[in-house]
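Values below: all heavy atoms of this structure, side chains included; hydrogens, waters and symmetry mates excluded. In what follows, every chain begins at residue 1, and chains take the letters A, B, ... in the order their sequences are listed.
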Protein chains: 2
Amino acid sequence: MKKRLSISDIAKNLGISVTTVSFILNDKAKEKRISDALTHRVLDYVKKVGYKPNQLAKSLRTGKSKTLGLLVEDISNTFFANIAKQIEQRAYDHGYHILYCSMNNDVNRAKELIQLFHDRQIDGFIIAPTEGLSEVIHNLLKNNVPIVLFDRFIEDLDTNYVVSENKQGAYMGSKYLLEDLKATKVGMLTINSAQTQMRSRLDGYMQAMDEWGRDAVIKKIQVDQPNDITIDLVRDFIVDNKLDAVFFATNYIAITGLKAIKKYKLGIDKIVSFDDHAIFSLFQTPVTSLSQDIKGISDHIIQILLSEINGKSKGYQHIVIPCELKVRS
Amino acid sequence: MKKRLSISDIAKNLGISVTTVSFILNDKAKEKRISDALTHRVLDYVKKVGYKPNQLAKSLRTGKSKTLGLLVEDISNTFFANIAKQIEQRAYDHGYHILYCSMNNDVNRAKELIQLFHDRQIDGFIIAPTEGLSEVIHNLLKNNVPIVLFDRFIEDLDTNYVVSENKQGAYMGSKYLLEDLKATKVGMLTINSAQTQMRSRLDGYMQAMDEWGRDAVIKKIQVDQPNDITIDLVRDFIVDNKLDAVFFATNYIAITGLKAIKKYKLGIDKIVSFDDHAIFSLFQTPVTSLSQDIKGISDHIIQILLSEINGKSKGYQHIVIPCELKVRS
DNA sequence: TTGAAAGCGCTAACAC
DNA sequence: GTGTTAGCGCTTTCAA
């Protein structure tokens, strides 16, 4: 493997100095009033020999790594995987790379990873924050590290975030069950989590129940328990409360719920779930869903983060993006 | 933001030289016979002030970035997302980061990305190669860049790969339809692609059809056409050929197929798909699947790549991992 | 057993 | 307009 050319090789071969080459390569030819002829000669030569600047050296010198960190709970979750895909696209378009990782519901791992990313001079963070990350994110903020939170935010932390209009979405979904499907008793299945998006979805459901003068019937399930157990819990919840409609707070809870409905032939046919999923149009009774605007979310995240990095931000931004009710029947 | 400490700050504050600090930090204290007392003093101090070496500088000096590149077609595909999750876990355990990206079926983008990663001195590549990448991968190989292909390989390229036992899996699935479900006419739906894994799945199906003396009935659909059109094509395929069983070559084809089955009430109840999916146990007639060993695949990928990077590889490895038939009925 | 210093490839202040 | 050079933070050879 022949050694990679360096900028000084280029300069030497062309009989000029590295400065000149550097200026030309960094689009400062005009500014530094380097002759057009020379500029072209350098550019042509660089292209001919396929010279690429060493990003590492560049980063070391400039302190910018041109890399963003994406931290999510679980990259194999379709919502996060889709966000990741969009973010990555946009990042590459702007010359940024993405380092990503799944925190897997493990606060210590998460803290470690954030530190690790920071040590690697990540230019900015995109985080779906889990509980317990408040302090470490606060530290980043204190160090002026650009950050955008998404999917949820942390209440006592003043920073950028991009989230869906969860309360309004949950309200729409609940209202759809009550008003359009004439449900008499609507239960809500959610997870045992204090994350803001979950709280908002709960609030939306509650508001609808209040307005219709119905009892709120809520079960919070634990995410880390075996699926079989959860399935049985869901059956008990539906049967014991004589529900004729269910609102699921996320698509993965819905999938577990649908398993229970199928397994125990519960005959529930009024179902709404937050987050869309391929499965929902295929279930025996189609599931109406609140689909989040993945593209819109990603666009805002990148736009806010890049403007922070480029020092063009005008205070912290709080973006709330509407969801769409996808009716299936 | 207070400036980060550098190794020379540490040395200065401790009244010793950077060399000594560097040796101690890189576990060469013993080898260089630095006194235990000093070693401890340095280690304690480093911990106390929370000093972290600058990875960029380290990389620039050593030429190792401690970063791996993961290139897949589409990170939002569950198979790839799951592989990504596993790989990432293992990589971090070994002190490596993952830069990833989706090639989105775009050869030029893929080439560009590989070049980009290479320019960033990625230590190794993990690639699910698409058609047309032969040349650029060949170039990497010529430059002794560690590479592991997975999911498929490229026939005229001698390198490491980790794939599932696709032919055997497809054979098992087809045999299950014929032998256990007593299917009379089994059609295969696959995609219009020459990738090795697709070819092998086709071969497995064909072998079973041959052994049972049945006609092979195959439809290749185009991945990039609108879903509605594909759904209608699937219906025509099933109806025109009077099929009573279908073998789907991937889970996403299966999902489209299930949509057709549901939409047009085709009443097919003998269904097998390659790749498992949450949906398959929930469809009106459960779908038996061939599930790939994500963990096994990931383990092998990382193990091979790291031994290549550390120069411990003993020639190219070709790993073929069995799939499991998940019967549902 | 420890230290001085060169050098990885690049940018940019300063000199001419 | 173009060149010289210091220095980003680190590893490692060579010297002491």
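In this structure, B/K30 atom NZ and C/dT2 atom C1' are separated by 16 Å, rounded to whole Å. To the nearest angstrom, P of D/dT2 lies 15 Å from CD of A/E31. Taking atom CG of residue B/L60 and atom C1' of nucleotide C/dG7, one finds them 9 Å apart after rounding to whole Å. Atom CG in A/L14 sits roughly 18 Å away from atom P in D/dG1 (whole-Å rounding). As rounded to whole Å, 14 Å separates atom C1' of C/dT1 from atom CZ of B/R41. Atom-to-atom, CG of B/D119 to P of C/dG9 comes out at 14 Å; the value is rounded to the nearest Å. For the pair B/I34 CD1 and D/dT11 C1', the interatomic distance rounds to 13 Å; values are reported in whole Å. With rounding to whole Å, A/Q121 atom CD is found 9 Å from D/dG9 atom P.
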Would you tabulate the pairs of protein nitrogen or oxygen atoms and nucleotide nitrogen or oxygen atoms of nucleotides 10-14 of chain C closer than 3.5 angstrom?
{"from": "C/dC10", "atom 1": "OP1", "to": "A/Y51", "atom 2": "OH", "distance (Å)": "2.4"}
{"from": "C/dC10", "atom 1": "OP1", "to": "A/N54", "atom 2": "N", "distance (Å)": "2.8"}
{"from": "C/dC10", "atom 1": "OP2", "to": "A/I7", "atom 2": "N", "distance (Å)": "2.3"}
{"from": "C/dC10", "atom 1": "OP2", "to": "A/Y51", "atom 2": "OH", "distance (Å)": "3.3"}
{"from": "C/dT11", "atom 1": "OP1", "to": "A/N26", "atom 2": "OD1", "distance (Å)": "3.4"}
{"from": "C/dT11", "atom 1": "OP1", "to": "A/N26", "atom 2": "ND2", "distance (Å)": "3.2"}
{"from": "C/dT11", "atom 1": "OP2", "to": "A/S22", "atom 2": "OG", "distance (Å)": "3.0"}
{"from": "C/dT11", "atom 1": "OP2", "to": "A/N26", "atom 2": "ND2", "distance (Å)": "3.4"}
{"from": "C/dT11", "atom 1": "O2", "to": "A/R61", "atom 2": "NH1", "distance (Å)": "2.6"}
{"from": "C/dA12", "atom 1": "OP2", "to": "A/K28", "atom 2": "NZ", "distance (Å)": "2.7"}
{"from": "C/dA12", "atom 1": "N6", "to": "A/T19", "atom 2": "OG1", "distance (Å)": "3.2"}

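Side chains of B/E308 and B/N160: a donor-acceptor N/O pair is present below 3.5 angstrom, by distance only.
The pair B/D74-A/K85 meets the salt-bridge criterion, since a charged nitrogen lies less than 4.0 angstrom from a carboxylate oxygen. The pair B/E88-A/R109 counts as a salt bridge, with a side-chain nitrogen and a carboxylate oxygen less than 4.0 angstrom apart.
Phosphate proximity of D/dG1 to A/T20: absent, as no side-chain N or O sits under 4.0 Å from OP1 or OP2.
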Open item on the list: Applying side chain to side chain contact (heavy atoms under 4.5 Å, CB included) to B/Y51 and B/D9, what does each step give before you reach the verdict?
Closed with: CA-CA 10 Å; B/Y51 162 75; B/D9 294 323; over 6 Å; no
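If you check every strand for non-hydrogen atoms under 4.0 Å, A/L56 touches nothing.
Taking the six-membered ring for Trp and the full ring otherwise, A/F117 and B/H97 have centroids separated by under 6.0 Å. Aromatic pair A/Y161/A/F150: ring centres not closer than 6.0 Å.
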